[in-house]
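Sharing a structure below in structure tokens format, with a few things to ask.
Values reported hereafter were calculated over all heavy atoms of this structure, with side chains retained and with hydrogens, waters and symmetry mates removed. Note that ligands are numbered from 1 as they come in the structure, with each ligand's atoms numbered from 1 the same way. Position 1 is the first residue of the sequence; numbering continues from there.
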Amino acid sequence: MNVVAVDRDGRVHELIVSSGDVLMEVLRDNGLGVEAVCGGCRACATCHVLLDQPSLVAGRGEDEEALLSVSEHFDSSRSRLSCQIELAAEHAGMRVVVAPED
Ligand code: FES
């Protein structure tokens, strides 16, 4: 399956993914500028993305909400930490935008 990711320069990338992949790792490994400084333990927010279809993904946890809500680019309906999103079949075709750096 694929997901569509838009990088910080507005370039659109169609990425081939598998169920069980972590979105942050997919974005980082495909060179989309996701640093993921903390390695995925909800401590850095350098994996911040904006989802076009947020209803496809479970809501933010408390830690995630606290970390993202201080970002200049926080969008209460669309912001997520990509390290907290494990891809599954229902995410096929999902579009994500890498959030600007704070
Ligand atoms: S990689 Fe650090 S919070 Fe997601």
Over all atoms of both residues, closest heavy-atom pair of His48 and Ser79
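In this case the closest contact between His48 and Ser79 is NE2-OG, 2.8 Å.
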With a 3.5 Å distance limit and no angle check, can you tell me whether Arg80 reaches the backbone of Ile85 through a side-chain donor-acceptor pair?
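No, the answer is negative, given that no donor and acceptor are paired below the 3.5 Å cut-off.
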About how many Å separate CZ of Arg11 and CG of Leu32, when rounded to the nearest 0.5 Å?
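One finds 8.5 Å between CG of Leu32 and CZ of Arg11.
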How many angstroms lie between CG in Asn2 and CG in Leu15, if you round to the nearest 0.5 Å?
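Asn2 CG to Leu15 CG: 8.0 Å, rounded to 0.5 Å.
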Sequence neighbours excluded, every pair satisfying salt bridge (charged side-chain N to carboxylate O under 4.0 Å, His left out) that has a member inside residues 34-56:
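Pairs touching residues 34-56 that pass the test: Arg42-Asp63, Asp52-Arg78, Asp52-Arg95.
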Can you check whether Leu56's main-chain N or O pairs, donor with acceptor, with His91's side chain at less than 3.5 Å?
yes
I'd like to verify the contacts: list protein N, O or S atoms under a distance of 2.8 Å from atom 4 (Fe) of ligand 1.
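Metal shell, protein only: Cys47 SG, Cys83 SG.
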